[in-house]
Amino acid sequence: MEVKKIVVIGAGQMGSGIAQVCAQSGYDVLLQDINQDAVDQGINSIHALLTRAVEKGRITDVEKDGTLSRLNTSTDLGDVHEADLVIEAVIENLDVKKELFQQLDNIVPAHTILATNTSSLPITEIAAVTNRPEKVIGMHFMNPVPIMKLVEIIRALQTDDETYEKIEHVTKELNKTSVTVNDFPGFVANRILMPMINEAIYTVYEGIATVEDVDTVMKLGMNHPMGPLTLADFIGLDTCLYIMEVLYEGFGDSKYRPCPLLRQYVQAGWYGKKSGRGFYTYA
Ligand code: NAD
């Protein structure tokens with residue numbers, strides 16, 4: 001069955017971006033979150049991004065209105081029962097995701113594919129809690145979703161070819177480029193990126209350089225478009241810590257130990273841009 005209706009669970013920075021690109025590509029989208037404020041914030045940010053795109057001449061008013069008309073919201077998981085594809089983008093916590101996939105498995109029709117946008121967690125383990133493990137797959141979008149071209153597609157051990165081919169097709173329809181990778185901690189993107197960010201935090205923690213200087217070295221010296229500490233703030237320091245813990249536990253290798261400073265910032269609620277303070281402060 002062709003994918004027509006997409007449900008996105010979690011209206012945070014990733015979920016709202018995924019919902020936007022799906023609606024812009026012509027899919028009917030339901031954006032669901034347990035928190036009404038998150039839904040409101042997600043929709044407001046989609047409105048703002050589409051308005052800016054119209055102002056810059058990248059889309060027309062008609063396209064903006066069409067996108068918004070294909071977007072619905074809910075805080076009730078019971079409303080997701082008509083999906084052909086669910087893309088989950090809730091917090092990076094294995095227990096929360098496993099419980100959600102069990103619930104979804106009981107709500108959505110038998111043909112529905114369940115995808116997760118996890119940055120690092122084992123898709124194989126998430127698939128195993130459902131009665132449709134062959135229809136579970138990873139779709140790892142990059143942040144900010146409307147801008148970044150890449151989607152890492154991660155096949156769980158159980159994912160069948162039909163599911164994989166449908167997801168590859170949807171990814172193309174979203175005008176993204178996919179790279180297919182195997183299900184190991186951090187996949188490719190975060191296995192390489194997160195240890196670099198963690199090392200940048202260690203550099204500050206050990207008093208070797210300031211936050212600004214670490215970022216300047218990587219921008220001007222390595223031609224990175226933004227420094228690793230700015231990027232960490234954008235990703236969310238809670239998400240960064242969770243991913244480092246997944247790598248540390250998953251590989252059992254001390255080279256992945258999260259920096260104590262990262263842990264302390266998360267304990268303080270300094271999650272980065274989304275909470276107003278991380279390595280930098282945000283208005
Ligand atoms: P976020 O904190 O901005 O948003 C998470 C949202 O999930 C919140 O709005 C929260 O209310 C909602 N939520 C929590 N439990 C829920 C539940 N049971 N049902 C419905 N909604 C629920 O987080 P984010 O940065 O958008 O990350 C979401 C996922 O995307 C994570 O798995 C993360 O690892 C992954 N990811 C993040 C990035 C990034 O740069 N931030 C990049 C790629 C992938």
Side-chain angles (χ1 to χ4, degrees), residues 7-21 30-46 73-80 83 86-105 107-108 114-123 125-126 129 138-154 176 178-179 181 185-194 197 226 228-247 266 269-276 278 282:
V7 167
V8 179
I9 314 254
Q13 51 181 345
M14 293 306 290
S16 59
I18 296 167
Q20 179 185 329
V21 296
L30 179 72
L31 178 60
Q32 193 273 349
D33 198 294
I34 41 171
N35 180 342
Q36 184 64 51
D37 286 347
V39 170
D40 294 343
Q41 224 173 305
I43 288 294
N44 287 343
S45 110
I46 294 172
T73 62
S74 172
T75 50
D76 181 0
L77 197 62
D79 288 341
V80 311
V86 176
I87 306 175
E88 167 276 315
V90 307
I91 49 167
E92 186 75 347
N93 179 303
L94 187 57
D95 291 337
V96 171
K97 289 193 195 280
K98 278 162 79 172
E99 195 189 329
L100 182 59
F101 271 68
Q102 259 172 344
Q103 290 174 305
L104 287 168
D105 194 30
I107 296 170
V108 296
L114 301 178
T116 171
N117 180 49
T118 178
S119 305
S120 61
L121 296 168
I123 320 272
E125 196 175 333
I126 295 172
V129 303
M139 263 183 116
H140 182 211
F141 290 83
M142 306 292 132
N143 185 15
V145 182
I147 291 170
M148 302 299 277
K149 288 294 285 178
L150 180 73
V151 175
E152 265 187 318
I153 298 181
I154 307 110
K176 304 286 183 200
S178 63
V179 172
V181 309
F187 319 127
V188 171
N190 281 313
R191 182 167 176 175
I192 297 170
L193 174 68
M194 271 314 146
I197 286 177
M226 70 173 72
L229 300 168
T230 303
L231 180 57
D233 272 2
F234 280 10
I235 293 169
L237 300 187
D238 52 340
T239 302
C240 292
L241 176 59
Y242 210 92
I243 295 169
M244 282 312 298
E245 277 168 346
V246 168
L247 292 172
V266 173
W270 297 354
Y271 296 154
K273 193 162 183 278
K274 65 183 167 186
S275 72
Y282 303 86

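Only heavy atoms go into these numbers, but all of them, side chains included; no hydrogens, no water, no symmetry mates. In each ligand, atom 1 is the first atom listed, and ligand 1 is the first ligand listed.
- Proximity to Thr239 (heavy-atom distance under 4.0 Å) selects the following atoms of ligand 1: 34 (O).
- A donor-acceptor contact closer than 3.5 angstrom links the side chains of Glu88 and Thr116.
- The closest approach between any non-hydrogen atom of Glu88 and ligand 1 is not below 4.0 Å.
- Ranking protein heavy atoms by distance to atom 32 (O) of ligand 1, first place goes to Glu92 OE1, 2.6 Å.
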Could you go through Phe187 and Ile123, starting from their C-alpha distance and side-chain angles, then the distance that decides it, and tell me whether this counts as side-chain contact (heavy atoms from CB on, under 4.5 Å)? CA-CA 10 Å; Phe187 319 127; Ile123 320 272; 3.9 Å; yes
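- For ligand 1, the atoms sitting less than 4.0 Å from at least one non-hydrogen atom of Ala38 are 9 (O), numbered in the order shown with element in parentheses.
- Nearest non-hydrogen protein atom to atom 37 (C) of ligand 1 is Met14 CG, 3.4 Å.
- Residue Val90 touches ligand 1 through backbone and side chain together, judged by heavy-atom distances below 4.0 Å.
- Of the protein's non-hydrogen atoms, Asn117 ND2, 2.9 Å is the one closest to atom 30 (O) of ligand 1.
- Met142 CE to Lys149 NZ: the interatomic distance, rounded to the nearest 0.5 Å, is 13.5 Å.
- Within the listing of ligand 1, atoms 20 (C) sit less than 4.0 angstrom from a heavy atom of Gln32.
- Both the backbone and the side chain of Ile34 come within contact range of ligand 1, each with a heavy atom under 4.0 Å.
- Contact annotation: the side chain of Leu150 never approaches that of His140 to less than 4.5 Å [non-hydrogen atoms, C-beta and beyond].
- Of the protein's non-hydrogen atoms, Phe141 O, 3.1 Å is the one closest to atom 43 (C) of ligand 1.
- Contacts between Tyr242 and ligand 1, counted as non-hydrogen atom pairs separated by less than 4.0 Å, are absent for every part of the residue.
- Classification of Lys274 and Asp233 as a salt-bridged pair fails, no side-chain N sitting under 4.0 Å from a carboxylate O.
- Side chains of Val129 and Asp105 form no contact here, defined as non-hydrogen atoms less than 4.5 Å apart.
- Distances between N or O atoms of Gln13 and those of ligand 1 include at least one value under 3.5 Å.
- Under a cut-off of 6.0 angstrom, the local environment of CD in Gln36 is crowded, with over 12 non-hydrogen atoms contributed by other residues, nucleotides or ligands.
- At a 3.5 angstrom cut-off on N or O pairs, Ile235 counts as close to ligand 1.
- Residue His140 touches ligand 1 through its side chain alone, judged by heavy-atom distances below 4.0 Å.
- Going from atom CG of Asn143 over to atom CZ of Phe234 covers 9.0 Å, rounded to the nearest 0.5 Å.
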Determine, stepwise, if the pair Thr73 / Gln32 fulfils side-chain contact (heavy atoms from CB on, under 4.5 Å). CA-CA 6 Å; Thr73 62; Gln32 193 273 349; over 6 Å; no
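- By the 6.0 Å contact criterion, CD on Gln41 is open, its count of non-hydrogen atoms from other residues, nucleotides or ligands being 12 or less.
- For atom 44 (C) of ligand 1, the nearest non-hydrogen atom from the set Cys240, Ser119, Gly42 comes from Ser119.
- Closest non-hydrogen pair, Ser119 versus Thr239, comes out as OG-CG2, 4.3 Å.
- In this structure, atom 9 (O) of ligand 1 lies nearest to the protein heavy atom Asp33 OD2, 2.7 Å.
- Taking a 4.0 Å cut-off on heavy atoms, Lys97 registers as neighbouring ligand 1.
- Heavy-atom contacts of Asn143 reach the following atoms of ligand 1: 39 (C), 40 (O), 41 (N) (cutoff under 4.0 Å).
- Counting only non-hydrogen atoms, the option in Asn35, Ile91, Ile87 that gets closest to atom 5 (C) of ligand 1 is Ile91.
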Show, in sequence, the C-alpha distance, side-chain angles and deciding distance for Leu247 and Glu245, and conclude whether the side-chain contact (heavy atoms from CB on, under 4.5 Å) test is met. CA-CA 5 Å; Leu247 292 172; Glu245 277 168 346; over 6 Å; no
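- The residue from Ala89, Gly236, Gly12 that puts a heavy atom closest to atom 28 (C) of ligand 1 is Ala89.
- Listed by number with element, the atoms of ligand 1 under 4.0 angstrom from any heavy atom of Lys274 are 2 (O).
- Pro185 has its side chain out of reach of Ser120: every pair of non-hydrogen atoms, C-beta onward, lies at least 4.5 Å apart.
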